[in-house]
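Taking it in order: structure first as structure tokens, then the write-up.
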Amino acid sequence: MLVAPLTLPAVSSSPLRHRFIGARRTPLPARNVRVAAPPLWASVVVAVWFVVGIACVMTVPAARGSDLLGATLPFWLVVAPVLDFAWLQRAVIVRVLRRRSQSVQTRLDVARARRPRRHWRR
């Protein structure tokens with residue numbers, strides 16, 4: 001929310017990108033874009049923000065939200081740092097999800113291969 005936009009990588013200066021810029025106006029596909037590792041200071045700031053926010057929500061009853069405030073203060077103290085951290089670690093999250101989906105697909109393929117196939121006319 002507040003920290004994640006500061007960590008966006010600079011535009012690539014590769015010759016391939018310069019060739020595409022003049023040819024078409026749409027951006028390159030997302031799979032070809034490399035996500036740079038987030039700076040360590042951003043992760044530390046978000047972690048400290050989250051810990052302080054949790055402590056504040058747990059110890060200060062007024063910070064838990066009220067009829068006037070709604071849940072805006074707990075959102076900015078707890079949920080926003082979690083979203084920031086997820087944005088900063090998006091490459092790791094995608095890698096883990098891909099690995100898990102591939103392992104699930106492999107297990108499903110093995111299970112399907114073990115089962116005898118039934119003919120559809122039975």
Side-chain angles (χ1 to χ4, degrees):
M1 302 296 216
L2 298 174
V3 178
L6 300 175
T7 63
L8 291 176
V11 176
S12 171
S13 61
S14 68
L16 181 64
R17 180 158 174 86
H18 287 297
R19 190 180 76 195
F20 281 119
I21 287 176
R24 60 183 200 181
R25 297 290 176 203
T26 58
L28 291 174
R31 64 177 176 252
N32 292 341
V33 176
R34 281 192 181 166
V35 178
L40 182 61
W41 67 266
S43 297
V44 170
V45 167
V46 170
V48 169
W49 179 13
F50 178 71
V51 169
V52 170
I54 288 286
C56 184
V57 168
M58 289 177 63
T59 57
V60 180
R64 295 181 190 140
S66 64
D67 294 339
L68 296 175
L69 275 178
T72 57
L73 197 55
F75 171 81
W76 286 108
L77 292 175
V78 178
V79 178
V82 170
L83 294 175
D84 262 347
F85 192 72
W87 176 259
L88 291 171
Q89 299 298 323
R90 66 190 180 276
V92 175
I93 293 170
V94 167
R95 198 174 321 125
V96 168
L97 289 176
R98 278 193 187 137
R99 195 172 300 140
R100 285 193 182 203
S101 68
Q102 287 171 352
S103 68
V104 167
Q105 187 63 39
T106 303
R107 281 187 270 153
L108 285 175
D109 291 343
V110 168
R112 285 185 191 128
R114 287 183 186 166
R115 260 187 292 153
R117 294 186 117 192
R118 294 185 179 174
H119 197 271
W120 64 274
R121 288 190 191 186
R122 255 192 192 183

Practice task
Give the other cluster members for Val94, using side-chain heavy-atom distances under 4.5 Å between Ile, Leu, Val, Met, Phe, Trp and Tyr residues; answer none if it is isolated.
Solution key: none
Practice task
Would you confirm whether Trp49, through its side chain, and Trp76, through its main-chain N or O, come within 3.5 Å as a donor-acceptor pair?
Solution key: yes
Exercise for the section: List, by chain and then residue number, the residues other than Val110 in its hydrophobic cluster (Ile/Leu/Val/Met/Phe/Trp/Tyr, side-chain heavy atoms under 4.5 Å); write none if there are no others. Expected result: none
Exercise for the section: Give the minimum heavy-atom separation between Ala63 and Leu73, together with the two atoms involved. Expected result: CA-CD2, 3.6 Å
Handout entry: side-chain contact (heavy atoms from CB on, under 4.5 Å) partners of Val48, counting only residues at least two apart
Key = Val44, Val52
Problem - With sequence neighbours excluded, residues passing side-chain contact (heavy atoms from CB on, under 4.5 Å) with Val51 - result: none
Fill in the blank from the handout: Excluding Leu97, membership of its hydrophobic cluster (Ile, Leu, Val, Met, Phe, Trp, Tyr; side-chain heavy atoms within less than 4.5 Å) reads Ile93
Problem - Shortest non-hydrogen separation from Val57 to Pro74 and the atoms involved - result: CG2-CA, 4.4 Å
Handout entry: side chain to side chain donor-acceptor pair (under 3.5 Å) contacts touching residues 99-108 (sequence neighbours left out)
Key = Gln105-Asp109
Problem - Closest approach of Val78 to Phe50 (non-hydrogen atoms, all atoms of both residues) - result: O-CD1, 3.7 Å
